[in-house]
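Atom set for the values below is all heavy atoms of this structure, side chains included, hydrogens, waters and symmetry mates excluded.
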Amino acid sequence: TAYMFMASNVPLEEVDNKELTHVSFNEAKAMGHPFEDWILDIFEKKTEKEKNAKTILIAKSQDSFDELAIKQTDDLCDAKEYTNKDYIASLEWGQSSQRVGQLREYIKEHLQNAEEIELWLAYMSGITCDGLDEDGRQINPREMNKDSWPTPDIKQCNIQDLQDWDIERICMSGPFTAPRCLIVYK
């Protein structure tokens with residue numbers, strides 16, 4: 001699986017997708033959100049605690065799912081195979097020229113407090129930090145043949161020279177065949 005993340009030796013500021021809101025069934029119902037009968041049937045059998053859990057995602061539009069979101073995470077063990085940076089943040093977005101510009105501005109702002117930042121499109125094995133795969137099976141890390149992983153394509157760029165196409169080369173250039181990284185520095 002290909003996965004996008006950023007890495008730095010300075011904490012990465014989180015960016016929430018403000019176009020998405022998590023609400024409970026009871027909140028959505030109070031807002032007048034229409035539900036299909038089969039969904040109402042399911043929630044009628046739930047406890048009040050379950051009805052109040054924020055399990056429903058409301059979006060202003062379909063495009064809302066593509067807005068830029070950056071989340072710090074400790075659960076990207078595979079990322080440590082690619083970077084030695086202390087802080088890692090997942091990058092979730094629907095790539096577009098407008099959002100590439102937003103990401104470029106984010107990088108520029110981050111470099112006011114950091115020497116460099118890495119932007120990665122990399123292979124993720126699906127193994128969690130506790131050694132479990134997606135199905136909860138224990139995986140022995142020694143059984144993974146990381147030597148067969150392709151060598152990352154790493155480019156470097158000074159922040160003064162950073163262009164949108166530098167970011168697009170990492171994020172938007174064709175099918176994923178090998179990890180790609182853009183290191184942007186002061």
Side-chain angles (χ1 to χ4, degrees), residues 1-8 11-83 87-103 105-106 110 119-141 143-144 146 149 167-168 170-177 179-180:
T1 303
Y3 194 79
M4 293 193 68
F5 68 92
M6 293 186 296
S8 177
L12 294 145
E13 184 177 337
E14 291 194 345
V15 174
D16 289 324
N17 181 342
K18 294 180 181 9
E19 300 286 313
L20 302 177
T21 307
H22 284 90
V23 299
S24 70
F25 171 75
N26 286 338
E27 289 170 327
K29 198 172 168 184
M31 294 165 59
H33 185 76
F35 289 101
E36 299 285 334
D37 288 339
W38 65 272
I39 293 176
L40 291 171
D41 291 342
I42 290 171
F43 275 97
E44 290 303 318
K45 298 172 187 159
K46 302 270 183 189
T47 66
E48 262 324 288
K49 183 178 179 182
E50 292 170 320
K51 290 179 185 178
N52 286 320
K54 302 213 182 260
T55 58
I56 297 173
L57 185 63
I58 295 181
K60 294 181 180 179
S61 71
Q62 185 66 33
D63 289 341
S64 298
F65 291 102
D66 293 336
E67 291 299 318
L68 186 68
I70 298 169
K71 302 282 183 204
Q72 288 195 45
T73 182
D74 294 328
D75 198 33
L76 288 177
C77 293
D78 288 328
K80 292 296 184 186
E81 296 293 328
Y82 296 101
T83 183
Y87 299 95
I88 296 171
S90 64
L91 177 59
E92 300 170 9
W93 62 325
Q95 294 131 12
S96 70
S97 297
Q98 175 188 354
R99 292 183 193 100
V100 166
Q102 291 170 344
L103 184 55
E105 291 305 313
Y106 176 94
H110 182 76
L119 174 62
W120 282 92
L121 177 65
Y123 173 76
M124 293 294 168
S125 69
I127 308 295
T128 62
C129 293
D130 57 7
L132 302 178
D133 69 8
E134 299 98 10
D135 299 322
R137 293 180 300 221
Q138 185 71 39
I139 300 294
N140 182 344
E143 293 174 5
M144 295 178 61
K146 294 179 182 169
W149 292 6
I167 296 170
E168 290 171 356
I170 299 300
C171 307
M172 301 167 65
S173 64
F176 179 77
T177 56
R180 298 188 288 256

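Shown here for Tyr106 and Glu13, the closest heavy-atom pair between the two residues is OH-O, 2.7 Å. The nearest pair of heavy atoms linking Pro179 to Trp120 is CB-CZ3, 4.3 Å. Here the closest non-hydrogen pair linking Phe5 and Ala122 is CE2-CB, 3.9 Å. The nearest pair of heavy atoms linking Ile88 to Leu12 is C-CD1, 4.1 Å.
The CE atom of Met4 sits 10.0 Å away from the CD1 atom of Ile70 when rounded to the nearest 0.5 Å. The CG atom of Leu121 sits 5.0 Å away from atom CZ of Arg180, with the distance rounded to the nearest 0.5 Å. Atoms CD1 and CG, from Ile170 and Leu103 in turn, are 11.0 Å apart once rounded to the nearest 0.5 Å.
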Atom pairs and distances, side-chain donor-acceptor, residues 26-46, under 3.5 Å, sequence neighbours left out:
from  : atom 1 : to    : atom 2 : distance (Å)
Asn26 : ND2    : Glu48 : OE1    : 3.1
Asn26 : ND2    : Asn52 : OD1    : 2.8
Glu27 : OE1    : Ser24 : N      : 2.8
Glu27 : OE1    : Ser24 : OG     : 3.4
Glu27 : OE1    : Lys54 : NZ     : 2.9
Glu27 : OE2    : Lys54 : NZ     : 2.8

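Contacts of Thr47 classified as side-chain hydrogen bond (donor to acceptor under 3.5 Å, both in side chains), with partners at least two apart in sequence or in another chain: Glu50.
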